[in-house]
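Report on one structure; see the data block that follows.
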Protein chains: 2
Amino acid sequence: MADVAQAARKRVVRRQGNRRALLLEAAARQFLHQGYAAASMRDIAADAGMQPGSIYYHFPSKAELLVAVHEEGMRRITEAVAQALEKPGGPWARLEAACVAHLTVLLEGGDFFQAVMREMPAKSDPGRRRVTRMRDRYEEIFADLLDALPLPRGVDRHDLRLMLLGAMNWSYRWYRPGAESPAKIARKFLGFLRNRLDTGT
Amino acid sequence: MADVAQAARKRVVRRQGNRRALLLEAAARQFLHQGYAAASMRDIAADAGMQPGSIYYHFPSKAELLVAVHEEGMRRITEAVAQALEKPGGPWARLEAACVAHLTVLLEGGDFFQAVMREMPAKSDPGRRRVTRMRDRYEEIFADLLDALPLPRGVDRHDLRLMLLGAMNWSYRWYRPGAESPAKIARKFLGFLRNRLDTGT
DNA sequence: TATATCGCCGAACGGACGTTCGGGCGGCGG
DNA sequence: CCGCCGCCCGAACGTCCGTTCGGCGATATA
């Protein structure tokens with residue numbers, strides 16, 4: 001029975017081990033650089049070094065391809081942040097670790113999460129609910145981190161989260177590799193919030 | 001009966017010039033809600049109540065239509081911020097006025113500037129240089145406002161501008177009318193920066 | 001009233017799109 | 001050594017795209 005199990009696993013590995021991952025990367029790259037609608041299946045296929053029709057062996061449609069890119073992007077960043085939060089520390093240190101991980105994956109972690117930031121499945125897409133649920137659960141991590149923060153009275157943690165995540169998520173539009181590192185940017189952004197900027201004239 | 005109404009409107013519009021402005025609004029709306037590539041000339045024409053071929057009387061191509069939407073969006077927000085800065089005030093008050101105007105136009109000022117935030121002309125587009133120059137000049141306003149701020153030593157005003165504008169520009173993704181007003185959001189965001197959040201536990 | 005111009009119509013064109021499908025090749029189980 | 005099946009090819013199909021163009025009614029000019 002070990003033979004059967006091993007053979008089955010080998011078959012599965014072979015099936016998923018082929019060029020499906022390569023194809024997903026090509027799709028993420030094309031979706032990121034051209035946008036979902038402008039990136040044609042022919043572009044993606046050429047990027048992955050295969051024929052357009054061959055894509056449909058791995059994915060049933062272009063829309064599902066985008067959903068798969070989203071799921072991979074969300075999976076990566078969720079894992080990176082979760083791993084960064086394994087280290088113990090105070091509330092501010094934990095938030096900083098999460099922001100550093102978030103920005104690092106976004107800006108230097110390949111095309112998947114940037115593609116997630118750029119393109120969203122259409123409102124009518126049946127796979128949209130899945131990816132929005134993943135996004136909501138991910139952002140809940142930051143909501144919890146902010147809840148754990150000892151903030152002055154009256155600070156709206158909801159809007160604070162929107163500001164912090166918005167500032168970070170927008171960065172993929174202006175970031176160019178080689179200048180400031182994502183970790184440094186994250187720490188600077190957090191510093192702007194932690195320290196008082198108004199010197200009181 | 002639709003013919004009669006359409007004919008009447010045509011006569012009225014005719015007296016005001018033509019339907020170019022209406023067409024531009026339809027283009028901004030479609031570009032915003034569907035994205036540039038997914039919005040077809042037929043969609044835009046139908047939204048404006050005309051035939052697809054008629055667009056080409058006003059604009060030479062779809063790409064130029066996007067450029068025109070960008071220019072109108074940038075014109076509107078630049079004017080709104082300039083007008084907000086006419087009132088005298090201290091550095092922080094002036095920055096707050098600019099942020100309030102920026103967020104108000106972005107979130108409640110129609111589809112033009114949101115379309116600008118969502119879609120950019122392609123890198124090969126000859127009109128792209130024009131719109132990027134308009135964007136650069138606009139963001140310079142905020143750079144000047146930050147330069148005028150009496151900030152603590154060592155604060156990176158460049159990254160501070162990227163954080164502030166990024167947080168605001170991202171807001172069109174989560175903002176829904178009826179809740180907090182854009183002005184209130186802008187003031188809260190600025191408050192997070194001005195006041196110290198770290199209570200120093 | 002003749003005429004030129006403006007603003008738009010309506011139909012068409014060539015091409016690119018997402019997707020389908022029969023077939024073929026190479027490695028693995030028997 | 002044969003037959004099977006995972007994986008991909010190559011060519012098509014119908015549809016929709018951006019764009020072009022001849023024409024037409026209404027308006028301004030004379």
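Chain A is the first sequence line, chain B the second, and so forth, proteins listed ahead of strands; every chain is numbered from 1.
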(request) Indicate the atoms forming the closest heavy-atom contact of A:E119 with A:H70, along with that distance. (result)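 Answer, listing the atom of A:E119 first, then A:H70: O-NE2, 2.5 Å.
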(request) Establish, from distance only, whether the side-chain atoms of B:D43 and B:Q30 form a donor-acceptor pair under 3.5 Å. (result)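 On atom types as modelled, these side chains do not qualify, holding no pair under 3.5 Å.
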Gap between atoms [atom1] and [atom2], on [X] and [N] respectively (whole Å):
X: B:Y57; N: C:dT5; atom1: OH; atom2: C1'; result: 8 Å
X: A:I55; N: C:dG18; atom1: CD1; atom2: P; result: 9 Å
X: B:Y36; N: D:dG18; atom1: OH; atom2: C1'; result: 9 Å
X: A:R20; N: D:dC7; atom1: CZ; atom2: C1'; result: 14 Å
X: A:D43; N: C:dC17; atom1: CG; atom2: P; result: 6 Å
X: B:F59; N: C:dC8; atom1: CZ; atom2: P; result: 11 Å
X: A:Q30; N: C:dC17; atom1: CD; atom2: P; result: 11 Å

What's the closest nucleotide to the [X] side chain, out of [options]?
X: A:S40; options: C:dC17, D:dC8, C:dT19; result: C:dC17
X: B:S61; options: D:dT19, D:dG10, D:dC8; result: D:dT19
X: A:Y56; options: D:dC9, C:dC8, C:dT20; result: C:dT20
X: A:K62; options: C:dG18, D:dC7, D:dG18; result: C:dG18
X: A:M41; options: C:dC9, C:dT19, D:dT19; result: C:dT19

(request) Describe, in one word, how the ring planes of A:W170 and B:W170 are oriented to each other, choosing from parallel (under 30°), tilted (30 to 60°) and perpendicular (over 60°). (result)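 Ring orientation, 0 to 90° scale: perpendicular.
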(request) Check the angle between the aromatic planes of B:H102 and B:F113 and answer parallel, tilted or perpendicular using the 30° and 60° thresholds. (result)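 Answer is perpendicular, since the angle exceeds 60°.
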(message) Using a heavy-atom cut-off of 4.0 Å across all strands, would you classify B:A38 as base, sugar-phosphate, or nothing?
(response)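 The answer is nothing, as B:A38 stays clear of every strand by at least 4.0 Å.
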Does [X] put a side-chain nitrogen or oxygen below 4.0 Å from OP1 or OP2 of [N]?
X: A:Q51; N: D:dG10; value: yes
X: A:H58; N: D:dG6; value: no
X: A:R19; N: D:dC8; value: yes
X: B:S54; N: C:dG7; value: no

(message) Any N or O donor-acceptor pair under 3.5 Å from the base of D:dG18 to the side chain of B:R42?
(response)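 Donor-acceptor pair under 3.5 Å: yes.
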(request) On DNA chain D, check which nucleotide each of A:M50 and B:A63 is closest to and give me the residue with the more 5' one. (result)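 Result of the comparison: A:M50.
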(request) Compare all side-chain heavy atoms of A:F31 with those of A:K62 and state whether any distance is below 4.5 angstrom. (result)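 The answer is yes; the side chains approach within 4.5 Å.
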